Amino acid sequence: MSYKCGVYWREDFRNPWFIAAAAAFSASNCPEGVPRVFEHALADLRSANTNKILNQAGGVQEERLLAQKMREAVFKSALIGGYPRAINGLKALHEATPEELREKQLLRNPNLSLEGYEAAGNNFFNKLYGETAEDVMGMLDAVYPDLGWSVRATCYGLVYGTALPSSSSSSAQTQTYILTPLETSYTLVAALIAVDTPRQIAWHLDGARRVGASVEELNSVREVSERVVKLGRGEGV
């Protein structure tokens with residue numbers, strides 16, 4: 001399998017292509033594509049850094065952030081594509097990641113209560129779903145109360161969340177995760193395209209617009225994700 005994205009590259013990591021590609025490869029059950037995306041993105045980053053004044057420490061810091069963002073994208077895609085696929089994707093990425101860019105510590109707060117995660121998740125859900133949040137969450141609660149609670153606490157609080165309380169108080173200071181809300185939206189759109197769920201794709205395209213995505217950026221995310229799906233089917237690009 002070979003893959004080279006023709007979509008525009010970085011402005012301080014604002015370009016979403018490598019996030020979308022990693023999530024789509026993992027959710028498509030093509031874990032071998034994840035490290036290839038990383039290697040290509042890392043080479044692009046290093047090439048870009050040779051053309052600007054950047055000390056060695058700053059360069060390593062940017063490379064570490066790239067690796068972190070890719071790990072988070074694959075991890076967050078697990079709730080859509082399945083944990084077995086995300087495990088395979090993360091293992092393949094880990095094996096391709098230089099030792100100094102690997103994660104050595106837990107990023108999420110293990111001491112935060114489920115109530116704290118649920119409050120944070122509800123806030124993030126409302127931000128993404130906007131005026132439709134009440135209706136969608138009402139539907140989830142109606143079809144199975146455990147589903148609605150799990151979406152708030154586990155999905156949007158623990159896994160998707162990007163700025164969660166650092167204690168059990170929902171008004172506590174926040175800790176910021178690696179992916180921004182916008183980047184998390186790109187991850188979800190890409191994974192949903194990979195598993196072909198049109199209703200949820202539409203929901204999350206709207207959500208991405210609510211948290212700042214441009215039409216051009218969303219078109220790029222869709223293009224990358226659709227190319228990955230075709231590659232996984234052996235159709236080429």
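In this text the structure is predicted, and so the values were computed from the model without any measurement. Starting from 1, each residue takes its place in the sequence as its number. Every heavy atom of this structure was used, including side-chain atoms; hydrogens, water molecules and symmetry mates were not.
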Might you point out which heavy atoms bring Ser185 and Val211 nearest each other, and give the distance in Å?
-> OG-CG2, 3.6 Å
Value for CG (Leu188) from CG (Leu128), rounded to nearest 0.5 Å, stands at 7.5 Å
Output the distance between atom OG1 (Thr132) and atom CG (Asp206), rounded to the nearest 0.5 Å.
-> 7.5 Å
Measure the spacing between CG of Leu42 and CG of Leu101 and express it to the nearest 0.5 Å.
-> 6.5 Å
Does a salt bridge link Glu72 with Arg108, judged by any charged N lying under 4.0 Å from a carboxylate O?
-> yes
Keeping the roles fixed (side chain from Ser26, backbone from Ala22), state whether a donor-acceptor pair exists under 3.5 Å.
-> no
Check whether any side-chain heavy atom of Phe38 lies under 4.5 Å from a side-chain heavy atom of Thr97, and answer yes or no.
-> yes
Indicate yes or no: at least one non-hydrogen side-chain atom of Pro198 is less than 4.5 angstrom from one of Asp196.
-> yes
More than 12 non-hydrogen atoms from neighbouring residues, nucleotides or ligands closer than 6.0 Å to CZ on Arg222, yes or no?
-> no
Using the salt bridge (charged side-chain N to carboxylate O under 4.0 Å, His left out) rule, take Glu99 and Lys104 through it: C-alpha gap first, then chi angles, then the decisive distance, then the call.
-> CA-CA 10 Å; Glu99 181 67 28; Lys104 302 296 196 302; 3.2 Å; yes
What's the verdict on side-chain contact (heavy atoms from CB on, under 4.5 Å) for Glu32 and Phe25, showing C-alpha distance, side-chain angles and the deciding distance?
-> CA-CA 8 Å; Glu32 67 274 16; Phe25 269 122; over 6 Å; no
Return the set of residues passing salt bridge (Lys or Arg N to Asp or Glu O under 4.0 Å) with Lys91 (not counting sequence neighbours), or none when no residue passes.
-> Glu95
For Arg152, check salt bridge (Lys or Arg N to Asp or Glu O under 4.0 Å) against everything at least two apart and list the hits.
-> Glu118, Asp141
Test Phe125 against every option in Tyr117, Trp203, Tyr156, Tyr160 by the ring pair (Phe, Tyr, Trp, His ring centres under 6.0 Å) rule and name the one that passes.
-> Tyr156
With ILVMFWY side chains joined below 4.5 Å, transitively, what does Trp149's cluster contain besides itself?
-> Leu114
The salt bridge (Lys or Arg N to Asp or Glu O under 4.0 Å) partners of Glu131 (sequence neighbours excluded) come to Arg210
When you check the gap from the basic side-chain N to the acidic O, do Glu223 and Arg227 get nearer than 4.0 Å?
-> yes
For the student: nearest non-hydrogen atoms of Ala73 and Ala23, plus distance | O-CB, 4.2 Å
Among the clusters formed by ILVMFWY side chains lying less than 4.5 Å apart, do Val221 and Val215 turn up in the same one?
-> no
With the 4.5 Å side-chain cut-off for hydrophobic clustering, are Val136 and Val143 part of the same group?
-> yes
To the nearest 0.5 Å, how far apart are CD1 in Ile80 and SG in Cys155?
-> 9.0 Å
Check: Ser28 side chain, Ala24 main-chain N or O, donor-acceptor pair, under 3.5 Å | yes
Could you pull out the closest heavy-atom pair between Ala27 and Arg85, with the gap in Å?
-> O-NH1, 2.7 Å
Check the pair Tyr186 / Trp17 against side-chain contact (heavy atoms from CB on, under 4.5 Å), numbers first and verdict last.
-> CA-CA 9 Å; Tyr186 294 148; Trp17 84 262; over 6 Å; no
Run the side-chain contact (heavy atoms from CB on, under 4.5 Å) check on Cys30 and Val228 step by step: do they pass?
-> CA-CA 9 Å; Cys30 297; Val228 167; 5.9 Å; no
Please name all residues satisfying side-chain contact (heavy atoms from CB on, under 4.5 Å) with Ile87, sequence neighbours left out, ordered by chain then number.
-> none
Under the side-chain contact (heavy atoms from CB on, under 4.5 Å) rule, what do Leu65 and Gln68 come out as? Steps first, then yes or no, please.
-> CA-CA 5 Å; Leu65 180 58; Gln68 287 177 318; 4.0 Å; yes
Any chance CD of Glu134 has more than 12 other-residue heavy atoms, nucleotides or ligands included, within less than 6.0 Å?
-> no
Polar side-chain atom of Ser77 near backbone of Val74 as donor-acceptor pair, under 3.5 Å = yes
Which is it for Arg64 and Glu103 under the salt bridge (charged side-chain N to carboxylate O under 4.0 Å, His left out) test, yes or no, and what are the steps along the way?
-> CA-CA 9 Å; Arg64 180 169 172 75; Glu103 196 61 63; 3.0 Å; yes
Name all pairs fulfilling the ring-ring contact (aromatic ring centres under 6.0 Å, His included) condition that reach into residues 204-228, sequence neighbours left out, sorted by first residue then second.
-> Tyr129-His204
Please report the shortest heavy-atom distance between Arg71 and Leu93, naming the atom on each side.
-> CG-CD2, 3.7 Å
Check whether any side-chain N or O of Lys69 sits under 3.5 Å from a backbone N or O of Ile178 as a donor-acceptor pair, and report yes or no.
-> yes
Hey, are the side chains of Pro181 and Phe124 touching, using non-hydrogen atoms and a 4.5 Å cut-off?
-> yes
pair Ile19-Met70: side-chain heavy atoms closer than 4.5 Å | no
Indicate yes or no for a side-chain donor-acceptor contact from Thr197 to the backbone of Ile193 under 3.5 Å, with no hydrogens or angles considered.
-> no
